[in-house]
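I have placed the structure first, in the form of structure tokens, so that the comments after it can refer back to it.
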2 protein chains.
Amino acid sequence: MLKISKKADYALMALQHIAAVQFGDVTPGRVVNTKEIAEEYNIPLELLAKVLQTLAKNALIESHNGPKGGYLLARRAHQITIAQILESIEGPLGITDCSHEKDGEFCMQRENCHIRTPLLKVQDSIAQLLNNMTLQDMMGGTPLITIQSPTAQGVER
Amino acid sequence: MLKISKKADYALMALQHIAAVQFGDVTPGRVVNTKEIAEEYNIPLELLAKVLQTLAKNALIESHNGPKGGYLLARRAHQITIAQILESIEGPLGITDCSHEKDGEFCMQRENCHIRTPLLKVQDSIAQLLNNMTLQDMMGGTPLITIQSPTAQGVER
DNA sequence: ATGATCTCCGATCAATAAGGTCGGACTAAG
DNA sequence: CTTAGTCCGACCTTATTGATCGGAGATCAT
């Protein structure tokens with residue numbers, strides 16, 4: 001349950017790789033293309049391309065066309081949150097269907113629903129978790145994750 | 001993204017309702033059948049039945065057959081965690097595909113995968129969150145219109 | 001300047017899982 | 001024993017995800 005899609009997985013791998021190349025010690029500032037990532041991680045080429053297109057459309061990376069072209073991070077690694085990446089691919093975070101109801105829309109169970117409020121608190125906790133974790137935290141070192149539990153007890157790491 | 005299925009939603013509603021009836025003030029200990037829940041929350045009857053069957057198979061509720069039959073909570077509300085409910089319906093928690101790899105199974109990206117470890121930490125945080133929240137925390141009735149009672153607040157343990 | 005090549009881009013198709021439905025089996029009351 | 005009401009298991013339909021194909025734009029070499 002709560003599994004993220006393959007595409008989101010690929011997006012995380014790709015961004016991690018791009019960041020590693022771009023800010024790494026070997027060839028800093030180098031542009032990295034789709035084929036390189038696909039071969040490195042055994043990802044279907046055309047599918048990865050589609051993922052990167054989406055990321056570019058959401059201004060997480062910049063695309064440079066033509067030979068010697070490829071992708072570049074649009075921002076610094078610590079300014080790109082995991083939440084932004086996942087939401088770019090899979091749409092806004094929503095544990096329940098009624099999470100983002102506009103005015104006038106109701107689910108059929110809304111009137112007597114007792115589980116909406118607690119579930120929204122769970123959702124907020126997960127949102128905080130994903131928003132407080134950046135691409136930088138995925139680079140090399142061990143990240144520090146903090147989560148605010150709705151049961152008013154902090155859970156660490 | 002990270003949306004739980006309708007069936008899981010229905011499971012939560014049903015269990016909340018059963019708990020409310022069973023430990024409520026009106027008719028404590030009463031057995032509640034599928035039809036009652038389906039009508040109360042506008043859930044497709046046959047689908048809800050399937051959900052309740054699964055919950056019974058996982059020993060979260062007890063099924064009593066025949067006329068005047070129905071379902072009963074197998075344990076106290078505070079001993080049933082949200083994680084147990086969701087996992088009964090949707091299977092074990094797994095953010096990534098490689099979360100529960102047995103020995104010998106590897107995803108194609110495993111060798112160079114830099115995102116596995118951080119993602120597993122995210123997964124652990126969510127697991128703790130869901131394990132620390134019980135069905136009891138969903139009781140206390142904060143539906144759509146009612147005012148929150150300071151004593152009967154939904155999300156404290 | 002121009003051709004050729006490499007890249008990104010949008011639309012299309014197949015596989016999988018979810019959502020929903022049907023009829024049968026069992027139990028207990030009358 | 002009959003009958004009504006319940007749970008139970010297998011089946012079908014629809015939606016989402018995963019994967020694919022051909023075309024458009026841009027850059028470099030000639």
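Letters A, B, ... mirror the listed sequences (proteins, then strands); counts begin at 1.
- Rounded to whole Å, the distance from NZ on A:Lys50 to P on C:dC13 is 15 Å.
- With distances taken from any side-chain atom of A:Tyr10 to the nucleotides D:dC8, C:dG19, D:dA19, the minimum falls on D:dA19.
- The nearest whole Å value for the distance from the NZ atom in B:Lys7 to the P atom in C:dT21 is 13 Å.
- Here the straight-line distance linking atom NZ of B:Lys35 with atom CD of B:Glu40 works out to 13.5 Å at 0.5 Å rounding.
- For A:Leu52 and C:dC9, the CG to P distance is 9 Å, given to the nearest whole Å.
- At most 12 heavy atoms of other shown residues, nucleotides or ligands fall within 6.0 angstrom of atom CZ in A:Arg76.
- Protein atom CG of A:Leu48 is 13 Å distant from nucleotide atom C1' of D:dG18, rounded to whole Å.
- Summarising the geometry, the separation between CD on B:Glu90 and C1' on C:dA18 is reported as 10 Å, rounded to the nearest angstrom.
- Here C:dA18 is the nucleotide among D:dC8, C:dC8, C:dA18 with the atom lying nearest to any side-chain atom of B:Ser5.
- A:Lys6 has its NZ atom 12 Å from the P atom of C:dT16, to the nearest Å.
- Relative to the side chain of B:Pro67, the nucleotides C:dA28, C:dG20, D:dG9 differ in distance, and C:dA28 lies closest.
- The CD-C1' distance, from B:Glu36 to D:dC7, rounds to 16 Å in whole Å.
- Checked against C:dG20, D:dC7, D:dA19, the side chain of B:Thr34 finds its nearest nucleotide in D:dC7.
- When the nearest nucleotides of DNA chain C are assigned to B:Gly66 and A:Gln53 by heavy-atom distance, the more 5′-ward of the two goes with A:Gln53.
- If you check D:dA26, D:dG5, C:dA18 against the side chain of A:Asn65, the one that comes closest is D:dA26.
- To the nearest 0.5 Å, atom CG of residue A:Leu86 and atom CG of residue A:Leu93 are 9.0 Å apart.
- Nearest to the side-chain atoms of A:Leu47 among the listed nucleotides D:dC7, D:dT20, D:dT17 stands D:dT20.
- For the pair A:Ile4 and A:Lys68, both in contact range of DNA chain D, the more 5′-proximal nearest nucleotide belongs to A:Ile4.
- Listed candidates were C:dT7, D:dT20, D:dT27. Nearest to the side chain of A:Asn33 is C:dT7.
- Contacts of B:Lys35 with the nucleic acid, taken as non-hydrogen atoms under 4.0 Å apart, are absent.
- A:Glu90 contributes a side-chain N or O that, together with a main-chain N or O of A:Ser5, makes up a donor-acceptor pair within less than 3.5 Å.
- At whole-Å resolution of the value, CG in B:Leu55 and P in D:dC7 are 13 Å apart.
- Nearest-nucleotide positions on DNA chain D place B:Glu46 closer to the 5' end than the other of B:Glu46 and A:Ala8.
- Under the 3.5 Å distance criterion, the side-chain polar atoms of B:Gln123 are left unmatched by any main-chain donor or acceptor of B:Ser99.
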